[in-house]
Amino acid sequence: MQFISEPAPAIAPDWFARPSTQVAPDLLGCTLVRQLPSGAVIRGLIVETEAYAPGDPACHAYRRQTQRNAVMFGPAGLTYVYLIYGIYHCLNLVTDGDGVPSAVLLRALQLEAVSAGGDRAATQKLDRVAAGPGKLCRALQIDQTLNAHALRPNTALWVEHRSPDCDRALAQMPDAITQTTRIGLTQGVELPWRWYLTQSKAVSKR
DNA sequence: TGAAGGATTTGT
DNA sequence: CAAATCCTTCAC
């Protein structure tokens, strides 16, 4: 079953103004849209997310507000992009109310095939290109210059709602979404705040 | 001012 | 399992 379909309405900032643990699973099946400076557009279905919340020792904002994590304390609907291990970038979407530091990490996308044309090998390869938070940002050419970006249609980055078909399919199938623990953390390891589309071939490894 | 370490990925 | 690689954070 494929969830990719026609462009759906863009998600408004208010939609993100809920706890990250609610937004994270709801983002599955939505489409992340990146418009490059050249005007080229890359679209990908969100297939894996993680939530970070207040009181969560793994959250960058756990200790206090700093210059880096400041955007997480702000209003919902903004991006939080940071550099990890000096090599990769990670893309978060800020959630919850103003003053409540929380966000959802986008861990994997199923990229929309532009001209795959039923090529099995090409499709399999495409499934791995954005499978992981670092690879996702590499594929979409996302770096710190996109930090604190407001998600709005026809800007550099925005998110579109699930298609009606996708929404229906996820609602009908109880096991369509898997909830489990987060990856790569040293703290908050036990919290089951990672979600992914169970059947997706584009989720991150490990 | 310095040192430790990280929400990752890749190759040995 | 260790390297790559650099920015952020915290300690002194």
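Below, chains carry the letters A, B, ... as their sequence lines are ordered, and counting in each starts from 1.
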Does the side-chain ring of A:Tyr52 lie flat on the base of B:dA7, meaning centres under 5.5 Å and planes less than 30 degrees apart? yes
Between B:dG2 and C:dT5, how far is it from one P atom to the other, in whole Å? 23 Å
Can A:Arg194 and A:Thr180 be counted as having a side-chain donor-acceptor contact under 3.5 angstrom? no
In whole angstrom, what separates A:Leu185's CG from B:dT8's P? 7 Å
Run the side-chain donor-acceptor check on residues 30-38 of chain A: report pairs under 3.5 Å with partners two or more places apart or on a different chain.
from: A:Arg34; atom 1: NE; to: A:Leu140; atom 2: O; distance (Å): 2.7
from: A:Arg34; atom 1: NH1; to: A:Ala156; atom 2: O; distance (Å): 3.3
from: A:Arg34; atom 1: NH2; to: A:Gln141; atom 2: O; distance (Å): 2.8
from: A:Ser38; atom 1: OG; to: A:Ala40; atom 2: N; distance (Å): 3.2

My understanding is that only residues two or more places apart in sequence, or in another chain, count here; which of them pass ring-ring contact (aromatic ring centres under 6.0 Å, His included) with A:Phe73? none
Using the test side chain to side chain donor-acceptor pair (under 3.5 Å), find all partners of A:Gln22 that sit at least two apart in sequence or belong to another chain. none
Identify all pairs in which a protein N or O lies below 3.5 Å from an N or O of nucleotides 5-9 of chain C, and state each distance.
from: C:dT5; atom 1: O2; to: A:Tyr85; atom 2: O; distance (Å): 2.4
from: C:dT8; atom 1: O3'; to: A:Arg68; atom 2: NE; distance (Å): 3.4
from: C:dT9; atom 1: OP1; to: A:Thr66; atom 2: OG1; distance (Å): 2.2

Short side-chain N/O contact from A:Arg138 to OP1 or OP2 of B:dT8, under 4.0 Å: no
By nearest nucleotide on DNA chain B, pick out whichever of A:Thr186 and A:Gly132 is the more 5' one. A:Thr186
Basic-acidic side-chain contact under 4.0 Å: A:Glu50, A:Arg182: no
Between A:His60 and A:Tyr82, does the ring centre distance come in under 6.0 Å? yes
Give a yes/no on whether any side-chain N or O of A:Arg182 is located under 4.0 angstrom from OP1 or OP2 of B:dT8. no
Is a donor from one side chain sitting under 3.5 angstrom from an acceptor on the other, for A:Ser163 and A:Asp165? no
In whole angstrom, what separates A:Tyr88's OH from C:dA3's C1'? 11 Å
Just how far, in rounded Å, is P of B:dG6 from OH of A:Tyr80? 15 Å
Do the side chains of A:Asp143 and A:Arg138 get close enough for a salt bridge, i.e. N-O under 4.0 angstrom? no
Could you give me the stems involving DNA chain B, meaning stretches of three or more consecutive Watson-Crick or G-U wobble pairs whose two defining distances are both below 3.5 Å? B:1-6 with C:6-11, B:8-11 with C:1-4
Pairs involving residues 65-77 of chain A, ordered by first then second residue, that meet side-chain hydrogen bond (donor to acceptor under 3.5 Å, both in side chains) (sequence neighbours left out): A:Thr66-A:Asn69
